[in-house]
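In what follows, chains carry the letters A, B, and so on, assigned in the order in which the sequence lines appear, proteins first and then strands, with residues in each chain numbered from 1.
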2 protein chains.
Amino acid sequence: MEKPTASPPDEQSLDRHAFVLERLSNDNHRYTTGRHRLVDALAGSSKPLTLPDIVAIAPDLAASSVYRNLEVLEQCGVVKRITSGSGHAHFELAEPLLSHHHHLVCVDCGEIEDVRLDDEVEELLDQHLNMVATDASFKPLRHNLDLQGHCEKCQDLL
Amino acid sequence: MEKPTASPPDEQSLDRHAFVLERLSNDNHRYTTGRHRLVDALAGSSKPLTLPDIVAIAPDLAASSVYRNLEVLEQCGVVKRITSGSGHAHFELAEPLLSHHHHLVCVDCGEIEDVRLDDEVEELLDQHLNMVATDASFKPLRHNLDLQGHCEKCQDLL
DNA sequence: GCAATAATGATAATGAGTCTCATTTATAAT
DNA sequence: ATTATAAATGAGACTCATTATCATTATTGC
């Protein structure tokens, strides 16, 4: 066989997998097919996914392995965990793989959507956050900003 | 006896309790001594508290009742729940009782501290968030912003 | 005071996430 | 290639924060 991959490896996914491989290797981890599939599932979605979402997309992945791998990938900086409180955590690709953005969190159904802010706003925000962090002797790593409210779907259900 | 309260009821706490009473009454709930104690515990701390924190401060409160009352108070808009992912949720008084602020979340020990941003930054942020929400047909209720990093205490442990 | 109703608290139940461990798979060395 | 070494897998047991249950107790309206 030549290359009967289900999804043709476009340039983007090549870059992505190269990046993931490097991050994993740096920490003496292997880029197994299970992890590959997990990354593909996350990359294939425009929204952050829960564990049931992931298993629904890739039913042959074992839940326990997915949880373990999400943790490994999170520590390597490949995956970001979003804990909005209601039930399951959500997961998405981390910042170098997905550009910096924030979330619209629906308080009704728990779904999460991505949004991006203007660079100038983001920059101003960062400056001020660094200021207040310094005042508190706090060493900042990253910031999270989310907007809670009602998503379009849940507004219709009224 | 006249007024042998442990903490003398200053003006602030009178206001606070009047506010809580109104919010509870509006929803046909009673402002019992247990709920009073819970509000006092939250009001007496400069940081958001976990359930173990609360029970440590007021050991005569039953955990199950505290959880139940936190939920009731949350729905009445008196308490705000903060879920940072690591173990216990944190709780603090909600916005009308505590001025608008954000959080420094320590990724090592999980402690949460309050920070306030300049009004102008906050306003600009709100404007932009409303804009992107409108674009996504999303009805915003509130925003959360937190800075993750290492708190002063945990930096010393290196 | 006397219903009617809500709150309490001890305990059981839930469920998302983690741990275990025997088996499988991938890397490294010879 | 073959083996030796180490990591990954997957099924299920387990944890533990949070919720639900329910009999008892407290509070409010009449």
Side-chain angles (χ1 to χ4, degrees), chain A residues 17 20-42 48-56 58-76 78-92 109-112, chain B residues 17 20-41 48-56 58-76 78-91 109-112:
Chain A
H17 290 306
V20 174
L21 176 57
E22 196 200 312
R23 286 296 180 102
L24 282 168
S25 306
N26 279 350
D27 220 348
N28 276 90
H29 286 122
R30 296 164 186 173
Y31 199 10
T32 62
T33 55
R35 289 173 182 170
H36 206 104
R37 298 271 266 297
L38 175 51
V39 169
D40 281 342
L42 294 173
L49 300 176
T50 64
L51 186 100
D53 293 338
I54 294 167
V55 173
D60 47 331
L61 296 182
S64 62
S65 296
V66 173
Y67 271 123
R68 196 187 317 105
N69 286 332
L70 284 169
E71 203 189 313
V72 170
L73 291 169
E74 189 188 13
Q75 272 167 348
C76 294
V78 171
V79 160
K80 184 180 172 202
R81 181 188 307 247
I82 305 158
T83 52
S84 57
S86 57
H88 289 270
H90 287 73
F91 300 90
E92 67 181 2
C109 68
E111 273 230 331
I112 301 183
Chain B
H17 290 306
V20 175
L21 177 58
E22 197 200 310
R23 286 295 179 101
L24 283 169
S25 307
N26 280 352
D27 221 349
N28 277 88
H29 289 301
R30 298 167 184 169
Y31 199 10
T32 61
T33 53
R35 288 173 182 171
H36 205 105
R37 297 271 268 297
L38 174 50
V39 169
D40 282 342
L49 300 176
T50 65
L51 185 100
D53 292 338
I54 294 168
V55 172
D60 46 333
L61 296 182
S64 63
S65 296
V66 173
Y67 270 122
R68 198 187 316 105
N69 287 332
L70 284 169
E71 201 188 317
V72 169
L73 292 169
E74 189 188 12
Q75 272 167 348
C76 294
V78 171
V79 160
K80 184 181 173 200
R81 183 188 306 248
I82 306 158
T83 51
S84 57
S86 58
H88 288 271
H90 287 73
F91 300 90
C109 68
E111 274 231 329
I112 300 182

Over all atoms of both residues, closest heavy-atom pair of A:Ile112 and A:Ser84: CD1-OG, 4.3 Å

Rounded off to whole Å, could you give me the CG-to-P distance for the A:Leu24 and D:dA6 pair? 20 Å

Tell me whether the count of non-hydrogen atoms from other residues, nucleotides or ligands lying under 6.0 Å of CD in A:Glu74 goes above 12. yes

Which nucleotide span of DNA chain C, 5' end to 3' end, has atoms closer than 4.0 Å to non-hydrogen atoms of chain B? C:dT5 to C:dT11

Rounded interatomic separation in angstrom, taking CZ from B:Phe91 and P from D:dA17: 12 Å

Assign each of B:Arg81 and A:Asn28 to its nearest nucleotide of DNA chain D by heavy atoms, then name whichever residue's nucleotide is nearer the 5' end. A:Asn28

For B:Asp27 and B:Arg23: C-alpha separation, side-chain torsions, deciding distance, then whether side-chain contact (heavy atoms from CB on, under 4.5 Å) applies. CA-CA 7 Å; B:Asp27 221 349; B:Arg23 286 295 179 101; over 6 Å; no

Among B:Val78, B:Leu73, B:Thr32, which residue satisfies the side chain to side chain contact (heavy atoms under 4.5 Å, CB included) criterion with B:Leu24? B:Leu73

To the nearest 0.5 Å, how far apart are OG1 in A:Thr33 and CG in A:Leu38? 11.5 Å

Do any N or O atoms of the protein come closer than 3.5 Å to N or O atoms of nucleotides 21-30 of chain D, and which pairs are they?
none

Taking atom P of D:dA7 as reference, at what distance in whole Å does atom CZ of A:Arg35 sit? 11 Å

State whether A:Ser65 places a side-chain N or O below 4.0 Å from either non-bridging phosphate oxygen (OP1 or OP2) of D:dG10. yes

Rounded to whole Å, the CG-C1' distance (A:Leu70 to D:dA8) equals 15 Å

Toward the 5' end of DNA chain C, by each residue's nearest nucleotide, B:Val72 or A:His90: B:Val72

